[in-house]
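Following: one structure in structure tokens, then a few remarks.
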Protein chains: 2
Amino acid sequence: MSRISDATITRLSQYYRSLASLEEGGQEMVSSMALARKHGVTPAQVRKDLSCFGQFGTRGLGYSVCQLKETIARILGLHRIWNVALVGAGSLGSALISYKEFKRQGFHIVAVFDNDLDKVGKKRRGLTILDIRRLPQMVKKLDINLAIIAVPKDAAQSVADLLIKAGLKMILNFAPISLKASPGITIRNVNMAIELEALSYRLVADKSFRPGNNPQLTPV
Amino acid sequence: MSRISDATITRLSQYYRSLASLEEGGQEMVSSMALARKHGVTPAQVRKDLSCFGQFGTRGLGYSVCQLKETIARILGLHRIWNVALVGAGSLGSALISYKEFKRQGFHIVAVFDNDLDKVGKKRRGLTILDIRRLPQMVKKLDINLAIIAVPKDAAQSVADLLIKAGLKMILNFAPISLKASPGITIRNVNMAIELEALSYRLVADKSFRPGNNPQLTPV
DNA sequence: GTCGGATTGTGAAAGTGTTCACAAGCATGG
DNA sequence: CCATGCTTGTGAACACTTTCACAATCCGAC
Ligand SMILES: NC(=O)c1ccc[n+]([C@@H]2O[C@H](COP(=O)([O-])OP(=O)(O)OC[C@H]3O[C@@H](n4cnc5c(N)ncnc54)[C@H](O)[C@@H]3O)[C@@H](O)[C@H]2O)c1
Ligand SMILES: NC(=O)c1ccc[n+]([C@@H]2O[C@H](COP(=O)([O-])OP(=O)(O)OC[C@H]3O[C@@H](n4cnc5c(N)ncnc54)[C@H](O)[C@@H]3O)[C@@H](O)[C@H]2O)c1
């Protein structure tokens, strides 16, 4: 079987959230149709996504909410706890530390690093900020699996190098720069400014701009 | 010409960043090849992306860094200032207020709203937190174009409804729930937990799990 | 003026992801 | 125990995206 697409994994994450709330509501079964409607996709899409990993439904009835939720949890690795290192104890970093959704999904931020010696030793939500130079040592000691980068963009690449040298293979980067992943290393870049730009593109496009029909777009 | 894909818009945003830094470095021209290498895509991809909007290059030479940057700015709507409302002055909201990249791209957060009366009237980075009930009035007064939702997930849908009722058409949502967009309204959902889940999926998949070859994945 | 080297712009081909459509299969009720 | 109604699982069709490949064309050197 071929590699699973990123889009499928993203949708599984979304289904997982719906299943959790259906379970809370006490619902036992759910059909691909019901799940699809909640996420604006087709029922066939839901079934295809799941069929990549096996057969989990019962024809005529649908899927067991609880079983499907557990299954997706295992697929996504949510059935266990991941130890996460956060680098950069600035405003975004501090917000992320207090983000409860991470912990709820099994992502525990177990260490925060910074290179600002004024911050090192201070606390953020019960976590002592550590000197970035202790990173290699702590990755081993705390059995860290994942890292989050929340440092200014000029420091991001060097922090990524450091993390990779310390043995980490999975990095979530919030600095607005596309970090490159060497083979075997996975880096996901989250860029919030780009999200806003997609909106402003639409705002412009809807109003005045039609592709191929826009004289003032020609280079000056 | 057909509708431009989201992927293309995202890449334009990324090219834009490279162009800005090339311009700072004083470079005059850039080839599709050079731009492609910076972003891990093919040169053909770069050219196709640009060709959706017109012809901006010179054969044999490449693209003028400065002109191409301005052109993309116009396509994405970065040549002007957008007034942004932020709803939710919690930890994420406060981080977003101090996020300089937004302002640099022309996204000015001009108002912050909250429903917690203890917070209303207090300041965040020079912005006074306003009572959410004043939102409709302020959208008009401040000519607000875009909104960012940074409230807990249970409040997100009702805040979205409120924003739409106040006349806003573009919303960036950070609550971990997929808000649905009625026709004419665009909502982009940013879900950071999903980003981590994509990483943990890979971590699990790389180690032990191969699709279609995983006995313990069968429902219990 | 024209030749050579370089790079664009773009149809066509290849590759991916999504939707369709229906046989297969299960639970329930008579 | 079989007919009925519903929903899954999946190959095939379709749609969209990316890559290929090359003619078009521009600059600068001679
Ligand atoms: N603030 C936001 O809302 C927001 C939103 C999206 C993305 N971002 C991005 O996230 C990153 C952090 O943003 P922020 O607003 O928290 O910035 P910040 O300046 O508040 O914090 C950055 C922190 O990183 C530390 N740091 C700098 N270099 C370091 C290094 N080499 N090693 C370890 N630590 C180092 C600094 O000491 C500081 O504590 C930036 O790249 C920013 O563009 C921020
Ligand atoms: N903290 C993070 O790093 C982080 C990261 C990603 C996503 N998020 C999401 O962003 C949202 C906000 O997170 P947070 O950590 O800032 O939470 P928070 O509790 O610190 O802040 C939420 C704010 O929203 C306000 N609020 C609640 N209901 C409201 C309403 N109906 N109208 C106006 N304001 C209202 C609250 O008074 C509070 O000030 C949540 O949905 C969270 O899941 C947070």
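In what follows, chains are A, B, ... by sequence order, proteins preceding strands, each numbered from 1.
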Would you please confirm or rule out a distance under 4.0 Å between OP1 or OP2 of [N] and any side-chain N or O of [X]?
X       : N      : value
A/Arg11 : C/dT18 : yes
A/Thr42 : C/dT19 : yes
A/Arg47 : D/dT8  : yes
B/Gln55 : D/dT25 : no

Atom-to-atom span, [atom1] of [X] to [atom2] of [N] - whole angstrom:
X       : N      : atom1 : atom2 : answer
A/Leu61 : C/dG29 : CG    : P     : 12 Å
A/His39 : C/dT18 : NE2   : P     : 15 Å
A/Gln45 : D/dT10 : CD    : C1'   : 14 Å
A/Arg59 : C/dT28 : CZ    : P     : 17 Å
B/Leu50 : C/dT10 : CG    : C1'   : 13 Å
A/Ile4  : C/dT16 : CD1   : C1'   : 13 Å

Subject >> Shortest non-hydrogen contact from B/Ala193 toward A/Arg17 >> reply: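 B/Ala193 and A/Arg17 have their closest heavy atoms at CB-NH2, 3.1 Å.
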
Subject >> DNA chain C: 5'-proximal contact among A/Thr58 and A/Ala7 (nearest heavy atom) >> reply: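 The 5'-side residue here is A/Ala7.
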
Subject >> Which residue lies more 5' along DNA chain C, comparing A/Ala44 with B/Tyr63 via nearest heavy atoms >> reply: B/Tyr63

Original post:
Side-chain contact, heavy-atom cut-off 4.5 Å: A/Asp6 with B/Arg202?
Top reply: yes

Original post:
Going by heavy atoms in the side chains, are B/Gln14 and A/Asn191 under 4.5 Å from each other?
Top reply: no

Original post:
Has the side chain of B/Lys48 got a donor or acceptor that lies under 3.5 Å from a partner of the other kind on the base of C/dT10?
Top reply: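 Side chain to base: no pair present.
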
Original post:
Under 4.0 angstrom, heavy atoms only, what part of the nucleic acid is A/Ser32 near: base, sugar-phosphate, or nothing?
Top reply: sugar-phosphate

**OP:** Between D/dT19, D/dT10, D/dT18, spot the one nearest the side chain of A/Ser51, thanks.
**Re:** D/dT10

**OP:** Please say which of B/Leu12, B/Ile4, B/Thr186 ends up in a side chain to side chain contact (heavy atoms under 4.5 Å, CB included) with A/Tyr201.
**Re:**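 Exactly one candidate clears the test, B/Ile4.
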
